[in-house]
Amino acid sequence: MKIKVLLTSFFVLTGLTVMPGFVEGYTVKQGDTFWKIAQKHGVSTNELMNVNNYSSSLLYPGTKLSIPESISEADKELIARLVHAEAKGEPYAGKVAVATVILNRVDHSNFPNTVKGVVYETYENGAIYAFSPVENGAINKPADSEAKRAVEEAIAFRGQGQGSIYFYNPETAASAWIFDQQTTVKIGNHVFAK
């Protein structure tokens, strides 16, 4: 009976110490970098460093790291389709920045906390879409390889940059309030703001 109680206590305590949002551990191998590990697992380098309490990028083989939960393949595909529709013809850096806006919105308290929620968000009882490709159906077209690569890069560098949560083309923007937002960077035809 004592063994059963001890085992039960052990499993309960062990279960309580497992941090939610972490899917696995990883043992660092020779030649690994935070960037390589983050790309392999589809997580941000900043997040990977933060959850493992690293302020330096120095890694030693054999070190055990916790890997945060990654963004699902379905969410990556959705972001890539939006990037493809919104940033077609824009420089690659602009495509990465558009993907980063989506990720920043997921993390921001003023927006839905899921990729799908951010992409399909509407205002004024569904009359206004956050993104025009959702309204006009362009979101349903397949993403090209460059848009997919831009999403992977945005995920890997998530948390870096200047915190943009908006982007717009000043030539076509229909809502005047966007011009009052603080500009963070201009890339191609898009202005990014927060």
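Numbers for residues simply follow the sequence, beginning at 1.
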Next on the checklist: Evaluate Leu78 against Ile139 for side-chain contact (heavy atoms from CB on, under 4.5 Å), listing each step before the verdict.
Outcome noted: CA-CA 8 Å; Leu78 181 58; Ile139 187 78; 4.1 Å; yes
Checklist entry - Between NZ of Lys88 and NZ of Lys95, what distance do you get to the nearest 0.5 Å? => result 9.0 Å
Next on the checklist: I need the minimum non-hydrogen distance between Pro91 and Ile187, along with the two atoms involved.
Outcome noted: CG-CG2, 4.1 Å
Checklist entry - Taking side chain as C-beta onward, heavy atoms only, is Ile128 less than 4.5 Å from Thr122? => result no
Item to check | Closest heavy-atom pair and its distance - Ala193, Thr184 | outcome: N-OG1, 3.7 Å
Checklist entry - Are the aromatic rings of Tyr129 and Tyr120 close, with centres under 6.0 Å apart? => result no
Item to check | Donor-acceptor under 3.5 Å (Thr33 side chain, Lys36 main chain) | outcome: yes
Item to check | Stepwise side chain to side chain donor-acceptor pair (under 3.5 Å) check, Glu90 with Asn189 | outcome: CA-CA 7 Å; Glu90 292 294 316; Asn189 293 316; 3.1 Å; yes
Next on the checklist: Check this for me, if you would: do Glu73 and Lys76 make a salt bridge, where the nitrogen-to-carboxylate-oxygen distance has to be below 4.0 angstrom?
Outcome noted: yes
Checklist entry - Roughly how far, to the nearest 0.5 Å, is the OG atom of Ser66 from the CG atom of Asn50? => result 12.5 Å
Next on the checklist: Using only atom types and a distance under 3.5 Å, with no angle test, would you say the side chain of Arg105 pairs donor to acceptor with the backbone of Ile165?
Outcome noted: yes
Next on the checklist: Distance check, rounded to the nearest 0.5 Å: Ser145 atom OG versus His84 atom NE2?
Outcome noted: 10.0 Å
Next on the checklist: I want to know whether Phe192 and Tyr166 have ring centres closer than 6.0 Å.
Outcome noted: no
Checklist entry - Is a side-chain donor or acceptor of Thr183 paired with a backbone partner of Val185 at a separation under 3.5 angstrom? => result no
Checklist entry - Can you name the closest pair of heavy atoms from Lys186 and Val191 and give their distance? => result CG-CG2, 4.0 Å
Next on the checklist: Let me check something: do Tyr123 and Val119 share a hydrophobic cluster, defined by ILVMFWY side-chain heavy atoms less than 4.5 Å apart, either directly or through other members?
Outcome noted: yes
Checklist entry - What's the verdict on side chain to side chain donor-acceptor pair (under 3.5 Å) for Tyr168 and Gln181, showing C-alpha distance, side-chain angles and the deciding distance? => result CA-CA 11 Å; Tyr168 61 96; Gln181 306 309 306; over 6 Å; no
Checklist entry - Just wondering, more than 12 heavy atoms not from Asn125 lying within 6.0 Å of its CG? => result no
Checklist entry - Hey, are the side chains of Lys29 and Asp32 touching, using non-hydrogen atoms and a 4.5 Å cut-off? => result yes
Checklist entry - Which one of Val106, Val101, Thr100 satisfies the side-chain contact (heavy atoms from CB on, under 4.5 Å) criterion with Asn104? => result Thr100
Checklist entry - Side chains of Val151 and Val96: does their closest heavy-atom pair fall under 4.5 Å? => result no
Item to check | Stepwise side-chain contact (heavy atoms from CB on, under 4.5 Å) check, Ile178 with Phe167 | outcome: CA-CA 9 Å; Ile178 194 69; Phe167 66 91; over 6 Å; no
Checklist entry - Can you list the steps and then say if Leu82 with Phe131 is a side-chain contact (heavy atoms from CB on, under 4.5 Å)? => result CA-CA 8 Å; Leu82 184 71; Phe131 300 102; 3.8 Å; yes
Next on the checklist: Would Lys148 and Glu77 count as a side-chain contact (heavy atoms from CB on, under 4.5 Å) here? Give the steps.
Outcome noted: CA-CA 7 Å; Lys148 291 177 182 180; Glu77 181 62 29; 3.5 Å; yes
Checklist entry - Of all heavy-atom pairs between Met49 and Ser56, which one has the smallest distance, and what is that distance? => result CE-O, 3.4 Å
Next on the checklist: Could you tell me if the side chain of Leu48 sits less than 4.5 Å from the side chain of Pro68, heavy atoms only?
Outcome noted: yes
Next on the checklist: Does any part of the side chain of Asn113, heavy atoms only, come nearer than 4.5 Å to the side chain of Val118, both counted from C-beta?
Outcome noted: no
Next on the checklist: Test your reading of the model: is there a side-chain donor-acceptor pair from Asn136 to the backbone of Ala138, 3.5 Å cut-off?
Outcome noted: yes
Next on the checklist: Please report the interatomic distance OG(Ser164) to NE2(His190), rounded to the nearest 0.5 Å.
Outcome noted: 12.0 Å
Checklist entry - Is the shortest heavy-atom distance from the side chain of Phe34 to the side chain of Leu59 under 4.5 Å? => result yes
Checklist entry - With the 4.5 Å side-chain cut-off for hydrophobic clustering, are Ile102 and Ile155 part of the same group? => result yes
Item to check | Thr27-Lys64 side chain donor-acceptor pair, cut-off 3.5 Å | outcome: yes
Item to check | Val51 side chain reached by Ile67 side chain, heavy atoms, under 4.5 Å | outcome: no
Next on the checklist: Rounded to the nearest 0.5 Å, what separates atom CG in Asp144 from atom CD in Glu146?
Outcome noted: 6.0 Å
Checklist entry - Would Trp177 end up clustered with Phe179 when hydrophobic side chains under 4.5 Å apart are linked, directly or stepwise? => result yes
Next on the checklist: I want to know whether Tyr26 and His41 have ring centres closer than 6.0 Å.
Outcome noted: yes
Checklist entry - Going by heavy atoms in the side chains, are Glu121 and Pro112 under 4.5 Å from each other? => result yes
